[in-house]
Protein chains: 2
Amino acid sequence: MTRKPKAVERKRGSGVQIVYSILRDDILDLTLPPGSPIDEIQLSERLSMSRTPIREALVRLASEGLVTTLPNRSTVVSNIDFMNLHTFFDAMTLMYRVTTRLAAQCHTPADMDAIRARQVDFAAAVEAQDALAMIATNREFHAVIARAGRNPYYEALCLRLLDEGRRLLRMYYSSFDDQLPKQYVQEHEDLIDAITARDVDRADALASAHADQIVQQIQTLIARDKRQHISL
Amino acid sequence: MTRKPKAVERKRGSGVQIVYSILRDDILDLTLPPGSPIDEIQLSERLSMSRTPIREALVRLASEGLVTTLPNRSTVVSNIDFMNLHTFFDAMTLMYRVTTRLAAQCHTPADMDAIRARQVDFAAAVEAQDALAMIATNREFHAVIARAGRNPYYEALCLRLLDEGRRLLRMYYSSFDDQLPKQYVQEHEDLIDAITARDVDRADALASAHADQIVQQIQTLIARDKRQHISL
DNA sequence: TGTATTTTATTTGTCGACAGAAAATATTTC
DNA sequence: GAAATATTTTCTGTCGACAAATAAAATACA
């Protein structure tokens with residue numbers, strides 16, 4: 001006998017936030033891979049709430065580009081556009097540079113504390129050879145730098161790109177589980193030094209090089225993946 | 001006797017789009033000035049539809065930053081943050097540069113046709129000394145350049161900034177109705193030339209100078225506005 | 001008369017239900 | 001047996017209604 005889930009007492013307005021967070025996480029770590037249909041009714045039963053807050057969460061995700069709503073048909077998790085990855089790399093590199101520059105210009109001691117804390121997490125993830133944790137902590141590291149830059153427009157685009165990158169990296173690290181490059185830890189340390197010294201040009205150059213490294217890393221992974229597909 | 005508006009037959013799914021467009025336009029041309037509360041019931045009566053599609057439109061506007069939802073209270077049109085206008089100018093300048101560069105790199109003949117068509121509209125608006133039309137056509141001009149750049153991340157940020165700028169300019173031109181600067185028309189022409197010639201560096205330099213001009217223009221208007229306020 | 005407290009009213013957040021649109025399935029026709 | 005058509009099913013988009021939360025009004029009290 002399937003029993004209906006009880007309507008748990010919840011704070012008014014929290015429902016949307018819960019659904020949004022769950023879906024977002026599932027999409028970004030590929031628990032919901034690109035193309036997955038999202039059934040509103042199924043979700044509403046699983047989370048024991050009406051379809052209204054779920055639809056609201058979906059609308060928010062859609063306006064962030066994480067899901068695509070097909071009119072009168074199910075909404076699906078957005079695809080990763082491999083044809084135009086270069087636009088992603090281009091934007092990512094520029095945003096790394098711009099946010100790091102700004103952070104070097106106008107950081108506060110509290111910002112530096114936050115940045116260093118994220119770097120500790122990142123180093124730990126690399127040390128533990130935990131690819132998933134590395135992806136997540138790298139995102140947080142650059143997110144706090146972007147926040148320290150104090151430009152909401154740049155920050156928003158940077159966060160969006162970091163999330164998109166999280167999905168992308170997750171795709172390859174889950175299938176290959178590579179040796180995680182320890183040099184990234186040193187590159188982050190150098191970035192922190194440049195920001196601390198308020199050396200804008202050096203911060204810019206380091207961010208640029210760091211972005212190039214990551215781009216190259218991803219492209220290597222993609223190339224290897226393609227070869228593997230051909231060999232089948 | 002107040003009669004209830006008839007539920008007009010409408011295509012399924014079009015309701016949200018209608019509300020979204022109306023609200024968006026009203027917000028951007030300051031028909032709904034910053035801080036205006038948006039009453040869902042009132043809107044639903046005026047447009048003769050249920051609150052559901054209206055709420056969906058509001059969620060979309062909120063995720064674009066055009067409205068702010070106060071929990072359990074009315075949603076209001078977002079304020080213009082005059083304290084941090086420099087972040088807007090900074091981002092606007094960079095996006096002008098980046099999108100113009102990319103347009104110079106990878107435009108097609110169709111792109112150039114679209115750009116030139118927008119420039120004709122812009123020139124006409126300036127010639128007619130129609131401030132509102134100038135604001136709108138200027139937005140479209142840079143929007144098609146951004147589209148020609150073919151980077152969806154840059155394009156999205158650029159559109160957001162152009163809309164924000166539309167609101168800002170509208171605020172001052174509505175109160176002062178200035179002489180509209182004819183030099184902008186020539187600057188646009190120069191931009192088109194550089195893009196057509198695929199001269200990336202020149203396009204970049206021109207876009208940078210153009211952005212600086214506009215920033216200076218806005219700052220002049222703001223300064224004049226402040227003086228006027230003090231003199232009262 | 002001014003402040004604190006209770007009552008009322010307004011408005012949001014959530015719900016269940018229904019109708020319309022595709023997709024999936026069954027049925028007919030050749 | 002295959003293609004075309006009809007039927008059913010599934011799921012979205014929209015609706016009206018209700019309850020919680022806040023703001024406004026009214027009342028009590030000093």
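Heavy atoms only: backbone and side chains are in, while hydrogens, waters and symmetry mates are out. Just so it is clear: chains get the letters A, B, ... in the order the sequence lines come, proteins before strands, and each one is counted from 1.
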Would you kindly give the [atom1]-to-[atom2] distance between [X] and [N], to the nearest whole Å?
X     : N      : atom1 : atom2 : value
B:N72 : C:dA9  : CG    : P     : 20 Å
B:E40 : C:dG13 : CD    : C1'   : 9 Å
B:L43 : C:dT11 : CG    : C1'   : 14 Å
A:E56 : D:dG13 : CD    : P     : 15 Å
A:I41 : D:dT9  : CD1   : C1'   : 12 Å
A:Q42 : D:dT12 : CD    : C1'   : 15 Å
A:K11 : D:dA20 : NZ    : P     : 16 Å
A:D39 : D:dT9  : CG    : P     : 18 Å

Side chains of [X] and [Y], donor plus acceptor under 3.5 Å:
X      : Y      : value
A:T69  : A:T75  : no
B:Y172 : B:Q217 : no
A:D111 : A:T108 : yes

Subject >> Residue mapping more 5' on DNA chain C - nearest nucleotide basis, A:S50 or A:R73 >> reply: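 It is A:S50 whose nearest nucleotide is closer to the 5' end.
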Original post:
Does the side chain of B:L191 come within less than 4.5 Å of B:F141's, by heavy atoms?
Top reply: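 Yes, at least one pair of side-chain atoms sits under 4.5 Å.
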Subject >> Side-chain donor/acceptor contact of A:R51 with base of D:dG13 under 3.5 Å >> reply: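 By the distance-only test, yes, there is a pair.
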Subject >> Sugar-phosphate only, base, or nothing, as touched by A:I38 at under 4.0 Å among non-hydrogen atoms >> reply: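 The answer is sugar-phosphate, as A:I38 gets under 4.0 Å only of primed atoms, P, OP1 or OP2.
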Original post:
Taking for each residue the nucleotide of DNA chain D with the nearest heavy atom, is it A:P71 or A:R12 whose nucleotide lies nearer the 5' end?
Top reply: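 Here A:P71 is the residue nearer the 5' end.
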